[in-house]
S.K.: 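Here it is, the structure in full.
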Amino acid sequence: MQQNIRNFCIIAHIDHGKSTLADQLIQVTGTLSKRQMVEQVLDNMDLERERGITIKLQTVRLRYTAAHGQEYILNLIDTPGHVDFSYEVSRSLAACEGALLVVDAVQGIEAQTLANVYLALEHDLAIIPVINKIDLPAADPERVKREIEDVIGIDAENAILCSAKEGIGIEEILERIITDIPAPSGNPDAPLRALIFDSFYDDYRGVITYLRVVDGALAPGMKIRMMATGREFEVDEVGVFTPSMMPLPRLETGQVGYMAASIKNVKDTQVGDTITLAKNGAEVPLPGYKKVMPMVYCGLYPIDTVQYEELRTALDKLQLNDASLVYEPETSEALGFGFRCGFLGLLHMEVVQERLEREYGLELLTTAPNTVYRATLTDGSVVYVDNPAHLPPPGKLASLAEPFVRASIIVPSEFIGNMMELAKDKRGVFVNMDYLDTSRVVLTYELPLSEILYDFFDQLKSRSKGYASLDYEMIGYREAELEKLDILINGEVLDALSTIVHKDRAYTKGKALVERLRRIIPRQLFDVPIQAAVGNRVIARETVKALRKDVLAKCYGGDITRKRKLLERQKEGKKRMKQVGSVEIPQEAFMAVLKVDE
Amino acid sequence: MAIGLYIHVPFCRQKCAYCDFYSLPVRAEAVERYLQLLLREAAMRGTGQTVNTVFLGGGTPSLLTAQQVSTVLEGVSRYFCLTKDVEITLEANPETLQPANLTAYRQLGINRLSIGVQTLSPRLLLPLGRRHTAQQALDAIEWAQGAGFDNISCDLIYGIPGQSLADWQQDVRMLATRGLAHLSLYSLEIYDATPLGQTIADGGLQLPADDLVADMYDWARLYLPQQGLEQYEISNFARPGRECRHNLNYWHNGEYIGLGPAACSYIQGVRQCNKADLKAYEQALEAGRSAVEFCERLDEEGTAVETVILALRLNSGINKESFAQRFGRDLEDVFGEEIRELLQKGWLEPTEQGYRLPWHMRPLANVVFTSFLRTSNT
């Protein structure tokens with residue numbers, strides 16, 4: 001039985017056709033009929049469809065009878081397609097023996113693909129190169145093959161030429177999965193070890209854990225223990241995804257499936273943790289577990305203060321499904337009661353915000369995101385600061401450090417100059433440059449994560465006419481000359497607008513920020529000074545001049561309704577602003593810091 | 001209680017570049033047809049209501065010949081009861097006025113003229129798309145006075161692309177010294193769907209800065225009272241006793257009936273507007289139906305909000321006693337919190353009979369008005 005299982009995933013850049021290929025595999029193996037298929041079944045969250053990305057993992061078991069007559073079980077494990085979720089990717093890869101490397105026959109390799117292939121190679125996965133979209137007129141499979149060989153260093157001679165859209169090459173892929181990917185190698189007689197690679201919360205059954213049985217077997221009634229958290233549960237149900245959940249009497253060595261065990265919180269089934277037996281369990285967990293730490297923080301505040309409790313409830317619910325989301329109550333002098341929330345990255349942050357607004361009907365004000373700073377105090381103690389407003393005063397600070405990343409940028413060589421300039425603007429340190437072929441390069445830089453949070457990605461795209469792709473990984477903290485930049489509006493520090501900036505940038509950033517705020521903050525009935533300050537030193541100042549005219553000239557019989565509606569709209573617009581002291585500030589202002597052109 | 005009667009005359013020789021009122025190019029047959037329909041509508045809606053103001057607006061009502069105006073007035077007086085002292089206003093464009101038609105209008109009982117001068121600066125008439133010259137406007141005023149009109153109002157526009165404070169002061173001075181009874185000063189409002197709106201959106205013309213426009217307003221409301229023209233509404237100035245009674249009725253949130261395409265009525269708490277389309281208006285009336293396309297009834301609170309907002313447009317402000325009489329509740333009962341807050345901010349000031357906008361808040365009236373609005377009352 002174990003010999004007839006293949007566990008694999010698909011590695012691809014956004015838009016290179018991963019979902020379409022997955023759909024084809026599901027259809028060709030008869031797992032779902034065409035009628036049952038909602039298009040692209042694997043991306044089932046609205047947001048995922050809209051953005052063409054995968055956030056929540058999906059898994060599906062395919063039954064396939066090979067050309068030589070033997071039936072196989074192929075488990076396709078989906079992987080998230082964004083740098084924010086690279087740890088989840090690594091755990092999904094760890095649950096597989098092989099991967100389809102899907103590369104667009106026109107676009108070639110992109111940074112994201114590269115990062116994930118390296119990750120797959122680290123896990124010793126068998127890699128089957130698939131060149132997709134060969135039906136396109138501009139397809140150049142030979143060039144892409146060379147690229148795969150040169151850049152990744154794997155043999156692409158036998159790369160499968162495929163068009164997932166047209167159904168070309170699908171049978172070949174299925175055959176190659178059987179011949180090229182090894183069967184799972186675990187020990188059926190050893191104590192249970194199963195790798196958790198995802199989970200979701202079900203209102204009726206509690207947390208459903210996605211797992212790969214590495215050793216032994218898992219069956220209902222077993223008492224199990226999570227090796228990292230130490231929590232124990234009794235298994236209610238196990239099964240596989242077809243792609244809907246189908247219960248089975250047991251999951252054997254090598255199988256991929258799910259488990260329900262009346263688990264109330266996803267935090268108890270951490271991705272990467274190992275499930276074993278509560279008694280006489282394995283002694284050594286599977287390698288690779290780490291606790292995921294949020295990298296990006298922002299404040300979330302209800303625009304209407306009465307929505308505070310609703311926001312808390314919504315966050316509680318989202319967290320049931322998202323172990324990497326952290327939050328705690330926070331009070332801002334300017335914004336009132338809200339939450340400081342931690343995310344894996346910017347995309348994760350945007351997704352959570354959008355879900356809160358869409359699925360829970362909340363109107364939120366979001367402060368500009370920031371990274372977590374490491375502050376060493378004069379007494380030698382170390383604190384991590386996730387809110388710039390809470391940075392200890394300069395007198396108590398011995399040093400400050402910020403997280404750095406190593407970024408790979410793949411870009412056509414004509415844009416090298418632009419990329420170098422951008423990296424320099426963003427305090428990047430050049431590490432390396434490699435030619436992928438005669439026309440494309442991989443640039444490697446070390447950059448402060450905080451700079452990536454500012455408009456780095458937009459700049460990258462605009463300065464490369466959209467051709468550059470980016471991937472990055474954390475490489476730890478580095479000390480830097482940082483200081484807190486405060487913004488005062490009408491003489492009051494607006495804590496939600498405080499940022500931590502490099503000393504050399506404080507002046508230009510402060511100037512740009514007050515200039516931008518002057519344009520964003522509407523004229524009030526009095527002059528509103530806007531100042532940027534470092535400590536007690538004001539480094540830039542602008543004034544929003546008092547409003548002098550806001551009146552409808554005409555209002556006669558036929559016009560009264562229309563004029564009233566105009567006023568009603570005006571009032572609605574004001575409601576969406578945040579009243580800070582006596583100044584009305586639009587939401588946009590709180591994100592202004594992200595958009596300043598220095 | 002007497003009501004106002006508004007008659008919309010939807011014809012123009014040419015549409016002005018800033019105008020978003022309903023109007024059509026003038027054609028003789030169309031005008032005759034329209035007059036028939038208008039009288040049919042008057043017959044449908046007139047039940048002998050007492051009317052103390054009639055306003056022929058447009059469009060360009062002065063495109064109607066004296067004969068046609070006479071048909072209209074005779075017609076409406078058949079179905080409505082016009083009071084002895086009825087105020088009858090005719091809106092006019094300067095280029096349509098000559099001594100002859102002016103004399104005829106006056107004899108028909110038109111006792112108030114509202115002339116659309118807009119500006120006397122030739123350079124500024126152009127972007128507005130006006131067809132007349134400055135001289136025509138001045139002539140029209142003189143001829144109207146000669147024909148016996150002693151209640152003449154002129155409209156001026158400020159905030160025109162290219163207009164300086166000096167341009168504006170010259171316009172206002174030239175009119176203020178001509179013995180007019182009334183002046184309306186309108187800040188140019190831009191509608192996207194108009195040619196001027198498009199030109200501005202495309203960057204072809206630039207509006208003067210808000211602060212300059214505010215300066216123009218402030219200068220005029222300091223200057224005009226010295227010439228005997230007192231401000232009585234946000235945009236209106238008159239010699240004592242010469243305030244436009246028809247418009248005062250709007251600002252007192254009184255009742256009125258509007259006849260003609262796009263005209264609106266407000267009777268017994270219901271506001272309704274006719275279709276802004278002559279063809280559709282015709283079809284409805286021919287089928288014996290009403291030509292109404294929009295209708296709203298405000299609840300008591302919504303009516304109170306409008307009453308306050310409209311009254312605050314007037315320098316006299318909101319009168320507590322008439323409010324209590326109308327709604328059976330004290331003003332402070334309904335709007336106590338709003339009024340307290342506005343008084344405290346200095347955005348409202350008490351008068352002997354109620355409250356009004358202080359001088360500095362008149363150009364910022366929307367700020368005050370929006371504080372009285374509540375979630376939809378329709």
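Each chain gets a letter, A, B and so on, in the order the sequences are listed, and its residues count up from 1.
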S.K.: Would you say B:Glu349 has more than 12 foreign heavy atoms packed within less than 6.0 Å of its CD?
M.R.: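 It does: B:Glu349 CD has more than 12 such atoms within range.
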S.K.: Indicate the ring-plane relationship of B:Tyr186 and A:Tyr556, choosing parallel, tilted or perpendicular according to the 30° and 60° boundaries.
M.R.: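 B:Tyr186 and A:Tyr556: perpendicular rings.
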S.K.: Count the heavy atoms belonging to other residues, nucleotides or ligands that lie under 6.0 Å from CD of A:Gln579, then report whether that count exceeds 12.
M.R.: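 Atom CD in A:Gln579 is packed in, count exceeds 12.
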S.K.: For each of B:Asp210, B:Asn249, B:Asn247, tally heavy-atom pairs with chain A at distances under 4.5 Å, and name the one with the top tally.
M.R.: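 Top option by heavy-atom pairs under 4.5 Å: B:Asn247.
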S.K.: Between A:Leu525 and B:Met361, what is the shortest heavy-atom contact and its length?
M.R.: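 Closest approach of A:Leu525 to B:Met361: CD1-CE, 3.9 Å.
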S.K.: Report the C-alpha separation of A:Arg548 and B:Val213 in whole Å, then their side-chain angles, then the decisive distance to 0.1 Å, and conclude whether the side-chain contact (heavy atoms from CB on, under 4.5 Å) test is met.
M.R.: CA-CA 9 Å; A:Arg548 289 190 50 205; B:Val213 180; over 6 Å; no
S.K.: Assess the residue pair B:Ile309 and A:Lys563 against the criterion (side-chain contact (heavy atoms from CB on, under 4.5 Å)); give the C-alpha distance rounded to whole Å, side-chain angles, the decisive distance to 0.1 Å, and a yes or no.
M.R.: CA-CA 11 Å; B:Ile309 289 178; A:Lys563 294 291 159 74; over 6 Å; no
S.K.: For chain A, which of B:Gly254, B:Pro363, B:Cys264 has the most heavy-atom pairs under 4.5 Å?
M.R.: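 Ranked by heavy-atom pairs under 4.5 Å with chain A, first place is B:Pro363.
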S.K.: When only pairs under 4.5 Å are counted, which of B:Leu185, B:Val368, B:Val367 shares the most heavy-atom pairs with chain A?
M.R.: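 Going by pairs under 4.5 Å, I would pick B:Val367.
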S.K.: To the nearest 0.5 Å, how far apart are OG1 in A:Thr561 and OH in B:Tyr266?
M.R.: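 If we round to the nearest 0.5 Å, A:Thr561:OG1 and B:Tyr266:OH are 9.5 Å apart.
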S.K.: Using the test side chain to side chain donor-acceptor pair (under 3.5 Å), find all partners of B:Thr194 that sit at least two apart in sequence or belong to another chain.
M.R.: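 B:Thr194 satisfies side chain to side chain donor-acceptor pair (under 3.5 Å) with no other residue.
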S.K.: Quick one: what part of B:Phe294 sits under 4.5 Å from any heavy atom of chain A, side chain, backbone, both or neither?
M.R.: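 Just the side chain, heavy atoms under 4.5 Å.
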S.K.: Run the salt-bridge test on B:Asp211 and A:Arg523 with the 4.0 Å N-O cut-off and return the result as yes or no.
M.R.: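 Yes, B:Asp211 and A:Arg523 are salt-bridged.
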S.K.: Please report the closest heavy-atom contact between B:Arg271 and A:Ile560, naming both atoms and the distance.
M.R.: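 Heavy atoms of B:Arg271 and A:Ile560 come nearest at NH2-CG2, 3.5 Å.
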S.K.: Of the backbone (N, CA, C, O) and the side chain (C-beta and beyond), which part of B:Ser371 lies under 4.5 Å from a heavy atom of chain A, both, or neither?
M.R.: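 Only the backbone of B:Ser371 comes within 4.5 Å of chain A.
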S.K.: Are more than 12 heavy atoms from other residues, nucleotides or ligands located less than 6.0 Å from atom OH of A:Tyr360?
M.R.: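 Atom OH in A:Tyr360 is crowded, with more than 12 foreign heavy atoms closer than 6.0 Å.
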S.K.: Just wondering, are more than 12 heavy atoms of other shown residues or ligands nearer than 6.0 Å to CD in A:Glu492?
M.R.: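 For A:Glu492, atom CD is not crowded (no more than 12 foreign heavy atoms under 6.0 Å).
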S.K.: If you tally heavy-atom pairs under 4.5 Å against chain B, which of A:Ala553, A:Ser582, A:Cys555 wins?
M.R.: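 Winner by heavy-atom pair count: A:Ala553.
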S.K.: For A:Glu357, I'd like to know if atom CD has over 12 heavy atoms of other residues, nucleotides or ligands within 6.0 Å.
M.R.: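 More than 12 within 6.0 Å, yes.
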S.K.: Answer with side chain, backbone, both or neither: which region of B:Ile234 has an atom nearer than 4.5 Å to a non-hydrogen atom of chain A?
M.R.: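 Side chain only.
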S.K.: Could you tell me the separation between the CZ atom of B:Phe369 and the NZ atom of A:Lys571, rounded to the nearest 0.5 Å?
M.R.: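 So the CZ of B:Phe369 and the NZ of A:Lys571 are separated by 13.0 Å.
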S.K.: Between A:Arg562 and B:Asp20, does any side-chain N to carboxylate O distance fall below 4.0 Å?
M.R.: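 Result for this pair is yes, salt bridge flagged.
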S.K.: Does atom CG of B:Asp192 have more than 12 heavy-atom neighbours, drawn from other residues, nucleotides or ligands, at distances under 6.0 Å?
M.R.: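 Open.
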S.K.: For B:Tyr256, which atoms come within 4.5 Å of any heavy atom of chain A: side chain, backbone, both, or neither?
M.R.: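 Side chain only.
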S.K.: First locate atom CG of B:Leu373, then atom NZ of A:Lys565, and finally report the distance between them rounded to the nearest 0.5 Å.
M.R.: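 Reported to 0.5 Å precision, the distance equals 12.5 Å.
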S.K.: In Å and rounded to the nearest 0.5 Å, what is the OG1 to CG distance from B:Thr370 to A:Asp550?
M.R.: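 If we round to the nearest 0.5 Å, B:Thr370:OG1 and A:Asp550:CG are 7.5 Å apart.
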S.K.: Could you tell me which residues satisfy side chain to side chain donor-acceptor pair (under 3.5 Å) with A:Asp527, sequence neighbours excluded, listed by chain and number?
M.R.: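 Not a single residue meets the side chain to side chain donor-acceptor pair (under 3.5 Å) criterion with A:Asp527.
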S.K.: To the nearest 0.5 Å, what is the distance between CZ on B:Phe21 and CG on A:Asp559?
M.R.: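 If we round to the nearest 0.5 Å, B:Phe21:CZ and A:Asp559:CG are 5.5 Å apart.
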S.K.: Measuring from A:Arg564:CZ to B:Leu310:CG, what's the distance to the nearest 0.5 Å?
M.R.: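 Rounded to the nearest 0.5 Å, the CZ-CG separation comes to 10.0 Å.
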S.K.: Would you mind checking which part of B:Tyr6 comes under 4.5 Å of any heavy atom in chain A, side chain (CB onward), backbone (N, CA, C, O), both or neither?
M.R.: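 Contact with chain A is absent: no heavy atom of B:Tyr6 under 4.5 Å.
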S.K.: Within the supplied structure, the quantity of interest is the number of heavy atoms (other residues, nucleotides, ligands) at a distance under 6.0 Å from A:Tyr467 OH; does it exceed 12?
M.R.: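 Atom OH in A:Tyr467 is not packed in, count stays at 12 or less.
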S.K.: Take a 6.0 Å sphere around NZ of A:Lys317 and say whether it holds more than 12 heavy atoms from other residues, nucleotides or ligands.
M.R.: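 Not more than 12 within 6.0 Å, no.
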